[in-house]
Each structure stands twice: as C-alpha cells, then as structure tokens.
Amino acid sequence: MMKRTVTLLFLVLCSISSLYATEIGAADRDYIIKGTVKNRQDEPIPYATVMVTGTNIGMAANVEGKFQIKLNRGNYKLRISCTGYEPRTVEVDAVKEPELDIVLDEAKNNLTEVVVTGTRSEKMLKDEPVVTRVITAEDIKKIDPQDFKSLLEYELPGLHFDGAAHGSGLPAISFQGMDSRYLLFLIDGERIAGEGALDNVDFSRLNVDNIERIEIVKNAMSTLYGSNALGGVINIITKKANRPFVGTVSTRLTSRKDRKYTVSLGTRQEKFSSLTTASFSRRDPFTFEERKPTKRLYELPDGRDSIGVNKKLGKLNMRGYETFSIAQKLGYDFTDKLSAELNGSFYQNKLLYVKEGKISERFRDFTFGGKVNYIFNENSRLDLSYHYDNYFKDDVDSADHHKTKIRYRDILNNVRLNYSLLLAERHSLTVGSEVNAEKLRTNWFKDTTANSITNYVLYVQDDYRITDRLTLVGGIRMDYHSLYKVHVSPKLSAMYKVGNVTLRGGYAAGFRSPSMKELYGEFSHGGMFKIYGSTDLKPETSHHVSLSGEWTAGIFNISATGYYNWFNKRIAMQQRISENKKQKYPDFVYVNADSAKTYGADINMQIRLPFDLTLKGTYSYVYDDTKIKGRRSSYVRPHTAVMQAEYSRKFGNCRATLGLNGRWMSGVDYWATSYVSKKRVFTKLELNDYMIWKLNASCRFPRGVTLNIGIDNLFNTKDDNFSDLYAIFSRGTEFVANLSVNIAELIGK
C-alpha cells in the first residue's frame, strides 16, 4: 500500500510540474515569428513540428496549425515537418516579426519519414543507405494493439513469438530465423535490461501509447549500436512534450475483459519541457483447449517409424498479466545551443494464473538516465549520455506480499559520447565511444554469486555522398570485451539512385559474445534435467550481405530485399547423457556448434489510390539451415506476410478511418529429439498454417475526441492442438473499444 501511495504521489507531483513549470532564466528574445501550417486545400495541419536548424529551438503547431517562436535578431532557417507530408525548409528574417503562411504537400508515400538509428543524425528514409523500416505513432493508432507484442505481429513478417522463454512466463521472439539473442532492443537509443543475459526482453514494459515511432535496422548493419546485434536493431523512440500544454487520456476495453488505461500530461515552454506518462494494463489468463488429437511421427532407435496419437484432448493454462508503468521526461535549454534531458521510469508486471497458487511471479524495472547535447552549428553536435536500468524478477507469497524471493536481477549501466560532423556537405562523420557494463544474479547460476561483464567500444562511421546518385557508408566498430578482449567489426553500405529506382547493398561482419547464462549457468529444471553453461565457449562470428532494389513512382512504391547470413561457432544447446542414473531426461550443455546459415527475402509494396484508399503488403521468406543428423530442426515458418488496407475520409465533423490488417504464416514440419531409455529418438512435429485478421473503424471528432471500434481475430482462427510451444494460442474473436481524449484540444489550449 505504501509503495502505491508513493507512486501515485510521484505521478501527481510530476503532473503539477508539467502544468505549472515556468521558464527560469529564459533568454530575452526580441522578435516573435508567427505562422500557420496548411495543406494544399487551405486546411490547417495540426501539430506540425517547427524547428530552427542549428539550434534546439522548436515547437509544434496547435490544432489550428498556428505557431509562434521567439528569436533574437538575425536570419534563420525553419524546418517544418509532419507525418504524412513532405517536409519543407524556409528562410526567415527575425527583424520585422514576420507572420508566415507555410504550405506542405501531402506525401505520396512514407519515404519522407525521418530516421536516426542508422547514422545518429536525421535522414529521410529515401536517403538512408541502410535498409530501415519505420512504424509511426499514426500506424500504431490504426492498429490499436493491446501491447507491444501485438503491434509487432501485425507489422513485421518473418517474426514469431513462442509461448514462453526459459520458463519465465514471458514470450520469446524469433525474427528472420534468429532468436532474441541476436536482436538489440533500444529505448531512445539506450539498451534494455530484461532477462538481460537470459536472452529475452520483457515486451510488456514497452508502452505502445508512449511511442512516437519505431525504427528497425535489419541484420548486422548498425556500426553505432553494437556488434552483438546480428539480427538487427529495433529502436523505440518515445514521445516528448512539444507544445505549451499536452495531455491525453485513453481507455481500451475488450469483450474478453482486457483493459488498458493511459494518461499523459506535459508542457513545452521556451526553456523547459516535461512529459509524464502512466499506464495500467490487464489481460486475464485463459485455458487453451485442443480440438483435435495430437499426432506425431517417431523414428525409433532401431530405425523403424512409429505414429503416436494422443487420443485424449488436452488443456493448457495460459498466463495473463497485470502491468503498471510510469515514465517521466524533463528537458531544459540552457542556451540555444546547450540542452539537457533527464528521464526515469518504473514498471511492474504481475503474471496471472488460471488457478492461483501460493506463489506468484512479479517483474519490476527501474530506469534513470540523462543526456547533454551541444550544437556547435548547423553541421556539428556533441552528445553525452548515461543510462541505468535495473530489472528483476521475484516470487511473491500470495498470503504475505512482504515475503519475496528474487529469482534474478539484471543491472545495466551505459555511458556514451557521440560527435557528429557534416564536412563539405558531402561527408556525415560520426565518431563515438561507449562503455556497457552488465551485472547479473540469477537462479540459473549454481549459487547466488553475481557475474558481470564490461564492454568498451570505439566506433567511427562516414556517410559519404559521392554524387547526387551514389552514397557510400563505411564504418568500423572495435569492442574490447572484459573476457574476450578486442574484436573489430567492419561494415559497408552503398546506395545508388537512377530515375525512380534506388539500389542498396551492404556487407557487415559481427560477433556475439556468450551471455552469462551460456557461460556460467547450472540450472535444474524441476529436478528432471539440468542446463549447463561452459566457460570454454568462444564468441560467435558472423557475416551478412544484402542487396535491395526499390522503385517509386508517385503513389506506388515497391521494394525487394535479399539477404544471406552465415555464422561460425554458433552457440547452441546439446543434449548429453546425465551422470545421475536415476534422472529421467538427459541434461543440456551450451557448445559452439558448426557453422550455420540463414537466408531470405522481403518484398514490400504500397499504393495510395486517389480515392483515399491505401494498400500495403509485405511478404517475407526465411530459410533457416539448422539440422540434426540431416533432419530439419528449425521451427521457423519459411513464409509469412502482413497485409493492410486503409480508407480515410471526412464525413461532416468526423474524420473517419477504416482499416483491415491481416497476418499469414505458413505451416512447417520439423524434427525434435528426445531420449527413450537414454537413446535418442527423433520426433516429427507439424505446425499448421495460420491466418488472422483485424478490423478497425475510428472517428476523430472535434475537440480532440477519438473513438475506435474493432474486431480482433475477425474469423475466429484457432490452432487445433498444442503440439509444442511454437503453436499459436488464440482466445478467438474479441471486440475492442478505445476512447481517447486530447485534453489540450478539449479545453482549447
């Protein structure tokens, strides 16, 4: 009770500071530049962003498209941008307090979206040499997901979640044939602790209502964010306060009693900014019931095949969750060039069970960090940041909540210094250094001793625009690992434009050091078997090549990307006969396996038709060449696709949007191993193909009120049985209602 009171008091204090913060030490600026941002139909564009280039001065327009900025006497460049419109730069003289009418053209595709992950500097998608995918806040609104996991499932083909990771009760991810060990998740460019070295991220801590956009750099193409990110980087950019008053309240309810409540309050003054966001979410547990018997094909030790059928239909209890999170951002501009930001957050996730037991599992996370930015001029800037993340899981006695037992604790500390420089309008040079330190205490270890690793990094990258058609990006990253010493990872990308066609290609080398679980683990799985780490493990090394082509002609855009990854000394689990003769199952140990490879292709298409209809589709093919004794052992579904259709039109005072989202995954057969009388037996498993649809209809009324009505799993798709954790566990069709209120518009601010 005391902790809840403190949390609520913190929320109230943060909200008050957001509403009544004053401009302490504001500079005396003599001129006010006013303006209105409109489209070609002479309609205002709400919340367009207006930034003064070469400074940290900026503000968003209000709902009527109006803005005003105070400046000292002089000449300035204003950059005006808004999702769905082509950005524009205008020059102004702060002498006569001008009032501007700025017209933005509607974007014919999403290639004008600005990204930062590939280069740490703002660049439009169409000019980014590294293949990057962007999911905007507008995209998230149209899907209206309950959580981050649901969002990714409807946006990214080649992605799959299984039932639970390592017995934690949390879903584990696979993307383009690689599991979460090879994916680097970031929040505002900072690493996320989760299960940390236990190879999984707690996706429930990512509040979708607080996301401005998500940038996805596929495969090992990022020099700036880590050699360990062999599968890609997913950078989640959170929202900031960009107007004198911002405030939203939303409520999401479903027919299956899921609920989510979010409140956000903030302010952006001349010097000071603050944003507080809090969210509560609950999903009830449920029971998955088989509709058909499970059938398996066995290859016995003597070479004969045997078909086994479990005639009794089974039931599987699926966990639910109850989460609460609160995040705070504070910003202050000391001068037009020097600014600082502080941020912190708290998160709690309690797993819910169909049958409540004596012990329940609870996940918590605390973060704290800060950044200092100095803009020398329009062409150069320096950033210094620090981030602390403390994530832990404990078992809580249901009768006495004061009795807890920590199962693991993962602590990350990260310090980064980054310098960006534009030379001769051709070279975008980025140089930086960082220190990543991680400390882990877990029940995976033999005793309660904590283990730690530290990684020191230097990186340099040059984005060289050789001609207006040809751009090269070369980078090199040097990691000094506390256990594995120096490793150097070079990367090279190229982009060539000719007419409506853009060609991209790249090569990247990388390495992944063994996690602490893989090194030091000695975990007993309920006494049935053990999983052992090995300090003899060597780092994995990888090579990645990709080639893509993109064709854009007005409202039509299509791109195709092919990639090939191969790994040396890939770390895998290998079964071994237990020394304990009474033990029923064999143990597992982490080993460096032989080389492995994955390859695949993506095809993306988008067309915006003139009668307010947009069609999108993405297909992904993945081949994972993982075999056991010549048999395919990968459960990765080779074919997946996501499809979106969106119709938007204004009817009276209502801006209506109708959206249909679909996700299809092919079936796959694969072989798993088990032991009978301590002799290995191969088991063939079948995963069925799967298709799910979601229908959403929303209406944005005047005064900032938006109502969304949807149907999730439109055709009540379910798996017939649960042959293993890689099946799809669906509750069936559910109806969704989401009411969102923009407080600033409601009260006319």
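Because the structure is predicted, anything quoted here is derived from the model rather than measured.
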Is the closest side-chain heavy-atom distance between Asn661 and Val642 below 4.5 Å?
no

Can a salt bridge be assigned to the pair Arg283 and Asp258 using a cut-off of 4.0 Å between side-chain N and carboxylate O?
yes

How about Ile140 and Ile135: do any of their side-chain heavy atoms sit closer than 4.5 Å?
yes

Any side-chain donor-acceptor pair under 3.5 Å between Tyr347 and Asn349?
yes

Do the side chain of Thr267 and the main chain of Pro244 share a donor and acceptor less than 3.5 angstrom apart?
yes

Using the rule given for salt bridge (Lys or Arg N to Asp or Glu O under 4.0 Å), can you reason through Asp139 versus Lys141, listing the C-alpha separation, both sets of side-chain angles and the distance that settles it, and then say yes or no?
CA-CA 5 Å; Asp139 296 329; Lys141 288 180 183 178; over 6 Å; no

Considering only heavy atoms from C-beta outward, does the side chain of Met605 approach that of Asn557 to under 4.5 Å?
no

Residue pair Leu206 / Ile192, side-chain heavy-atom distance below 4.5 Å:
yes

Please determine whether the number of non-hydrogen atoms from other residues, nucleotides or ligands lying under 6.0 Å from atom NZ of Lys497 exceeds 12.
yes

Run the ring pair (Phe, Tyr, Trp, His ring centres under 6.0 Å) test against Phe286 and tell me which residues pass, sequence neighbours left out.
none

Polar contact flag, side-chain donor to acceptor under 3.5 angstrom, Glu734-Ser255:
no

Side-chain heavy-atom pair Met691, Met643 within 4.5 angstrom cut-off
yes

Across all chains, not counting sequence neighbours, the ring pair (Phe, Tyr, Trp, His ring centres under 6.0 Å) partners of Tyr85 are none

Does Arg282 use its side chain to pair, donor to acceptor, with the backbone of Phe280 at less than 3.5 Å?
no

Determine the minimum heavy-atom distance between Val249 and Val263, stating which atoms define it.
CG2-CG2, 4.0 Å

Any Ser250 side-chain heavy atom under 4.5 Å of Asn738 side chain
yes

SB check Glu550 Arg504 (cutoff 4.0 Å):
yes

Reported CD-to-CD distance for the pair Glu64 and Glu43, which is rounded to 0.5 angstrom:
13.5 Å

Establish, from distance only, whether the side-chain atoms of Asn207 and Ser325 form a donor-acceptor pair under 3.5 Å.
no

Pairs under 3.5 angstrom only: tabulate donor-acceptor contacts from the side chains of residues 209-216 to other protein residues two or more places apart or in another chain.
residue, atom, partner, partner atom, Å
Asp209, OD2, Thr262, OG1, 2.7
Asn210, OD1, Thr277, OG1, 3.4
Arg213, NE, Val114, O, 3.3
Arg213, NE, Glu215, OE2, 2.6
Arg213, NH2, Glu215, OE2, 3.1
Glu215, OE1, Val116, N, 3.0
Glu215, OE1, Thr117, N, 2.8
Glu215, OE1, Thr117, OG1, 2.5
Glu215, OE2, Val116, N, 3.3

Side chains of Ile80 and Thr49, heavy atoms from C-beta outward: is any pair under 4.5 Å?
no

Between Gln606 and Thr614, is any side-chain donor less than 3.5 angstrom from a side-chain acceptor?
no

Do Glu646 and Ser648 meet the criterion of a side-chain donor-acceptor pair at a distance under 3.5 Å?
no

Using a strict threshold of under 4.0 Å (side-chain N to carboxylate O), is an ion pair present between Lys149 and Glu153?
yes

Tested for side-chain contact (heavy atoms from CB on, under 4.5 Å) against Thr733, the lone hit among Thr717, Asn716, Asp712, Leu714 is Asn716

Donor-acceptor pair between Thr136 and Thr83 side chains, under 3.5 angstrom:
no

How are the rings of Phe148 and Phe185 set to each other: parallel, tilted or perpendicular (split at 30° and 60°)?
perpendicular

Just one of Lys260, Arg252, Lys694 clears the salt bridge (charged side-chain N to carboxylate O under 4.0 Å, His left out) bar with Asp144, so which one?
Arg252

Between Thr618 and Asn604, do the side chains contain an N or O donor and an N or O acceptor separated by less than 3.5 Å?
yes

Are the side chains of Glu155 and Ile143 in contact, using a 4.5 Å heavy-atom criterion?
yes

Does one side chain, of Gln348 or Glu322, offer a donor that lies under 3.5 Å from an acceptor on the other?
no

